[in-house]
Amino acid sequence: QVQVVESGGRLVQAGGSLRLSCVVSGGIVENYKMGWFRQAPGRERQFVAQITWSEDLTDYADFTNGRFTISRDNAKNTLYLQMDNLKVEDTAIYYCAVDRQRVGLQSHVDYWGQGTQVTVSS
């Protein structure tokens with residue numbers, strides 16, 4: 001069983017930064033697409049960003065507006081989401097997601113992490 005574990009979420013003031021991490025274990029990640037979703041209470045789950053592990057190609061939701069950067073460390077099987085200039089509306093649970101079939105996370109997710117809470121205060 002593939003395990004997906006996020007970390008790094010915390011309370012931060014608006015304008016601050018966070019880096020979320022996602023460690024994937026129990027599988028081969030070279031061919032995966034991996035990325036991030038978020039969900040706030042009462043709102044639909046939103047796609048945030050994804051990366052193709054082997055090609056290092058990235059895709060971002062429009063709302064990130066240049067503030068977020070997705071990256072990965074191949075040696076550590078770890079995915080990152082660097083979030084800068086955080087806004088109150090970024091408050092959400094952030095989920096790491098894995099697509100083993102490389103369909104694309106907006107269409108297919110094989111594994112989800114349990115989420116990490118990001119709270120941005122004004």
Residue pair W36, C96: steps toward the side chain to side chain contact (heavy atoms under 4.5 Å, CB included) verdict: CA-CA 5 Å; W36 299 89; C96 185; 4.1 Å; yes
Does S17 form a side chain to side chain contact (heavy atoms under 4.5 Å, CB included) with V12? I'd like the steps, not just the answer. CA-CA 7 Å; S17 297; V12 64; over 6 Å; no
Between K33 and D59, is the salt bridge (charged side-chain N to carboxylate O under 4.0 Å, His left out) condition met? List the steps. CA-CA 11 Å; K33 288 186 175 181; D59 184 26; over 6 Å; no
Do I51 and L79 pass the side chain to side chain contact (heavy atoms under 4.5 Å, CB included) test, and can you show the C-alpha distance, the side-chain angles, and the key distance before you say yes or no? CA-CA 9 Å; I51 188 167; L79 179 72; 3.5 Å; yes
What's the verdict on side chain to side chain contact (heavy atoms under 4.5 Å, CB included) for S21 and K76, showing C-alpha distance, side-chain angles and the deciding distance? CA-CA 11 Å; S21 299; K76 297 180 179 180; over 6 Å; no
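Under a 3.5 Å cut-off, the side chain of T116 and the backbone N or O of E6 do not form any donor-acceptor pair. Proximity of a side-chain donor or acceptor of D99 to a complementary backbone N or O of G104 within less than 3.5 Å is detected. Not one N or O on the side chain of Q114 forms a donor-acceptor pair closer than 3.5 Å with the backbone of V5. Side chain of Y60 to backbone of I70: a donor-acceptor contact under 3.5 angstrom is found. One N or O on the side chain of T91 and one on the backbone of V120 form a donor-acceptor pair closer than 3.5 Å.
Within the 4.5 Å cutoff, the side chain of S25 has no heavy atoms near those of the N77 side chain. In this structure, the side chains of R72 and D56 come closer than 4.5 Å at one or more pairs of heavy atoms. Side-chain contact between F37 and I93 is absent, with no heavy atoms from C-beta onward closer than 4.5 Å. Using a 4.5 Å cut-off on side-chain heavy atoms (C-beta onward), Y111 and V24 make no contact. Side-chain atoms of Y95 and L20, non-hydrogen and from C-beta on, never get closer than 4.5 Å to each other. No side-chain heavy atom of D90 sits under 4.5 Å from any side-chain heavy atom of M83.
Each of L18, V118, T119 was compared with L11 under the side chain to side chain contact (heavy atoms under 4.5 Å, CB included) criterion, and only T119 meets it. Q50 pairs with exactly one of V98, L105, T58, L57 by the side chain to side chain contact (heavy atoms under 4.5 Å, CB included) rule, that one being L105.
Between F47 and F63 the shortest heavy-atom distance is O-CE2, 3.3 Å. The two residues A92 and A40 have their closest heavy-atom pair at CB-N, 3.9 Å. Across R45 and Q39, no two heavy atoms sit closer than the pair N-NE2, 3.8 Å. The two atoms that bring V109 and A97 nearest to each other are CG1-CB, 3.9 Å, heavy atoms only. Across W53 and D73, no two heavy atoms sit closer than the pair CZ2-O, 3.7 Å. Of all non-hydrogen atoms in H108 and V103, the two that sit nearest each other are CB-CB, 3.8 Å.
With a 6.0 Å radius and a threshold of 12 heavy atoms from other residues, nucleotides or ligands, Q46 has its CD atom above the threshold. Enclosure of atom CD in Q3 is not indicated, since only 12 or fewer non-hydrogen atoms of other residues, nucleotides or ligands lie within 6.0 angstrom.
Here the CD-CZ distance, from Q82 to F68, works out to 10.0 Å after rounding to the nearest 0.5 Å. A distance of 11.5 Å separates OG1 of T69 from CZ of R19, quoted to the nearest 0.5 Å.
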